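Reviewing the structure listed below.
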Amino acid sequence: MSVPSTAPHRPALRLVGGAEASELQPPLDPRDFDAVFRRFSPYVARVALRLLGSDSEVDDLVQEVFLEAHRGLDQLRDAKALRGWLSRVCVRRATRRLRRRRLRSFFSLELVEERDLPVSLAATPEQRLEVARVYRCLDRLPTEQRVAWVLRYVEGESLEDLVVLCGCSKSTVQRRLRAAQARIEQEVPT
């Protein structure tokens, strides 16, 4: 497990989960909230865990995402867009939480402990240490850079998906990725 090189489309850190089972199932009716929650809550939780880097906040974030989804599902026109829409809600909510956390840590009110990091149980102690180093570095990055980097290199999202998820242009996403990658390469020894 290493910090990603500049190689495109290659996620370097696979911390939790695997193939997305919801991608293999047929589209469902967005008005059936229970079915939407059952199918997509593991995906939303996985994205939330990777973005936040802390297991302690995941349940609250998933609840926020699906509360917002419950309010807005009737406005969704295309059932195939459901996963992407939930991703955008999750990214937006996680970004808010990360900004609050950064502000709180600035005043030393909150720190992310290593035991809360999203590391697989099968990870070696060296891999756990490397993940802890990466997330410590991510905690010091601006929120937008952190979100873009995690979505790209941990979650494996394409640049085109990042444009939608981050709500900015492709050049802005690329700029954020380059800045985050340069900082991580500088601070995390390989």
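Given the structure is predicted, the values throughout are model-derived calculations rather than measurements.
Note that CG of Leu98 is 7.0 Å distant from CG of Leu51, once rounded to the nearest 0.5 Å. Separation of atoms CD (Gln63) and OG (Ser41) is listed at 12.0 Å; rounding is to 0.5 Å. To the nearest 0.5 Å, atoms CG (Asp161) and CD (Glu155) are separated by 10.5 Å. Distance check, rounded to the nearest 0.5 Å: CG of Leu165 to CD of Glu160 gives 11.5 Å. The OG atom of Ser87 sits 9.5 Å away from atom CG of Leu82, with the distance rounded to the nearest 0.5 Å. With rounding to the nearest 0.5 angstrom, the CD atom of Glu57 is 8.5 Å from the CZ atom of Arg100.
At a threshold of 4.5 Å between non-hydrogen side-chain atoms, the residues Phe66 and Val89 do not count as touching. Within the 4.5 Å cutoff, no side-chain heavy atoms of Glu157 are placed close to those of Arg152. In this structure, Asp139 and Leu141 have side chains that are not in contact, with every pair of non-hydrogen atoms separated by 4.5 Å or more. No side-chain heavy atom of Arg39 sits less than 4.5 Å from a side-chain heavy atom of Arg83. Between Asp60 and Arg97, some side-chain heavy-atom pair lies under the 4.5 Å cut-off. At least one side-chain heavy atom of Cys168 sits under 4.5 Å from a side-chain heavy atom of Arg176.
Summarising the geometry of Tyr135 relative to Arg50, their closest heavy-atom pair is OH-O, 2.6 Å, with the distance given to 0.1 Å. Nearest heavy-atom pair across Ala45 and Val62 is CA-CG2, 3.6 Å. The two residues Val150 and Leu138 come nearest to each other via the heavy atoms CG2-CD1, 3.8 Å. The minimum heavy-atom distance linking Leu52 with Arg146 is given by the pair O-NH2, 2.9 Å. Cys90 approaches Val65 most closely through the heavy-atom pair CA-CG2, 3.6 Å. Closest heavy-atom contact between Ala148 and Leu177: O-CD2, 3.4 Å.
The side chain to side chain donor-acceptor pair (under 3.5 Å) test with Arg183 singles out one residue from Gln186, Glu187, Glu185, Gln181, and that residue is Glu187.
Residues that satisfy the side-chain hydrogen bond (donor to acceptor under 3.5 Å, both in side chains) test with Glu126, not counting sequence neighbours, are Thr124. Glu68 is linked by a side-chain hydrogen bond (donor to acceptor under 3.5 Å, both in side chains) to Arg92, Arg93, counting only residues two or more places apart in sequence or in another chain.
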side-chain contact (heavy atoms from CB on, under 4.5 Å) between Val47 and Leu86: does it pass, once the steps are laid out?
CA-CA 10 Å; Val47 172; Leu86 289 170; over 6 Å; no
**Prompt:** Could you walk me through whether Arg96 and Glu64 pass the salt bridge (charged side-chain N to carboxylate O under 4.0 Å, His left out) check?
**Reply:** CA-CA 12 Å; Arg96 287 182 196 153; Glu64 288 176 21; over 6 Å; no
Could you give me the CA-CA distance, side-chain angles and deciding distance for Val44 and Leu61, then say whether side-chain contact (heavy atoms from CB on, under 4.5 Å) is met? CA-CA 9 Å; Val44 170; Leu61 183 60; 6.0 Å; no
Next on the checklist: For a side-chain contact (heavy atoms from CB on, under 4.5 Å) check, start with the C-alpha distance between Val134 and Trp149, then their side-chain angles and the critical distance, and finish with the verdict.
Outcome noted: CA-CA 11 Å; Val134 169; Trp149 192 89; 3.9 Å; yes
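The cluster map of Ile, Leu, Val, Met, Phe, Trp and Tyr, joined by side-chain heavy atoms under 4.5 Å apart, puts Val147 and Leu159 in the same cluster. Hydrophobic clustering (side-chain heavy atoms under 4.5 Å, transitive across Ile, Leu, Val, Met, Phe, Trp, Tyr) groups Phe33 together with Phe40. No single ILVMFWY cluster, assembled from side-chain heavy atoms under 4.5 Å apart, contains both Leu151 and Val164.
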